[in-house]
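Reckoned from all heavy atoms, side chains included, excluding hydrogens, waters and symmetry mates.
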Amino acid sequence: KQWYQRRVRENYLKAMAAAANYAWVNRSSMTFLCRQAFAKLFHSTPDDLDMHMIYDVSHNIAKIEQHMLDGKLKTLMMHRKGATRAFPPNHPLIPVDYQTKLDNQS
């Protein structure tokens, strides 16, 4: 039974990775086409219009993470359907450009 569960888990992660790649290409294609449409409308270029990707994130993905469960640190597969992981301010996994210091805000 254990080898079967491992195979199911591995196949699930492979399928999830393929879906995430497909979604990334789809978002990239839509971004490209939007930029081109605005450039045509305004008789300019996307760069001259300052149209740049600000942030791209998958919101349907499973990831292996460590969490406290019943007082013990466990390695778990977390699947956030339609949501992204939330981190506290200045967490090391947040890119520096997107970190904020709440103590300096009013």
Side-chain angles (χ1 to χ4, degrees):
K1 184 177 178 181
Q2 190 177 22
W3 67 267
Y4 175 76
Q5 289 175 336
R6 187 179 327 117
R7 179 175 283 166
V8 168
R9 181 175 59 240
E10 289 170 357
N11 287 341
Y12 180 83
L13 287 174
K14 288 176 186 176
M16 180 66 66
N21 288 338
Y22 179 85
W24 182 85
V25 169
N26 189 41
R27 289 190 308 275
S28 296
S29 298
M30 288 188 295
T31 299
F32 173 80
L33 293 172
C34 274
R35 288 167 45 99
Q36 295 303 311
F38 275 95
K40 184 177 180 180
L41 180 68
F42 292 110
H43 307 287
S44 189
T45 68
D47 288 336
D48 288 342
L49 293 171
D50 201 25
M51 296 182 70
H52 304 284
M53 175 68 70
I54 296 171
Y55 193 71
D56 185 26
V57 64
S58 296
H59 61 274
N60 287 330
I61 193 115
K63 290 189 174 186
I64 305 299
E65 300 174 2
Q66 291 191 330
H67 292 276
M68 292 298 289
L69 184 64
D70 297 328
K72 296 179 183 173
L73 189 62
K74 301 263 185 169
T75 300
L76 305 168
M77 181 188 306
M78 300 299 295
H79 187 191
R80 292 180 178 84
K81 183 77 173 151
T84 57
R85 187 173 182 182
F87 292 110
N90 304 311
H91 190 279
L93 291 177
I94 298 174
V96 175
D97 290 348
Y98 300 104
Q99 293 184 10
T100 60
K101 296 193 182 288
L102 294 177
D103 54 319
N104 292 338
Q105 297 178 356
S106 347

Can you find a heavy atom in the side chain of Y12 that is under 4.5 Å from one in the side chain of H79?
yes

For residues I64 and M78, determine if any side-chain heavy atom of one lies less than 4.5 Å from a side-chain heavy atom of the other.
no

Applying salt bridge (Lys or Arg N to Asp or Glu O under 4.0 Å) to R9 and not counting sequence neighbours gives none

What pairs of residues pass the salt bridge (Lys or Arg N to Asp or Glu O under 4.0 Å) test when at least one of them lies in residues 48-63, not counting sequence neighbours?
R27-D56

Those residues at least two apart in sequence (or on a different chain) that pass ring pair (Phe, Tyr, Trp, His ring centres under 6.0 Å) with H52 are none

With sequence neighbours left out, what residues match F87 under ring pair (Phe, Tyr, Trp, His ring centres under 6.0 Å)?
H91

Run the side chain to side chain contact (heavy atoms under 4.5 Å, CB included) test against K72 and tell me which residues pass, sequence neighbours left out.
K74

Could you work out, with side chain to side chain contact (heavy atoms under 4.5 Å, CB included) as the rule, every residue matching M68, not counting sequence neighbours?
L73

N26 CG to N21 CG distance, which is reported to the nearest 0.5 Å
12.5 Å

Establish whether L33 and F38 are linked, either directly or via other cluster members, by ILVMFWY side-chain heavy-atom contacts under 4.5 Å.
no

Is there a side chain to side chain contact (heavy atoms under 4.5 Å, CB included) between E65 and L76? Walk through the geometry before answering.
CA-CA 5 Å; E65 300 174 2; L76 305 168; 5.9 Å; no

Can you give me the closest heavy-atom contact between A62 and M16, atom names plus distance?
N-CG, 3.7 Å

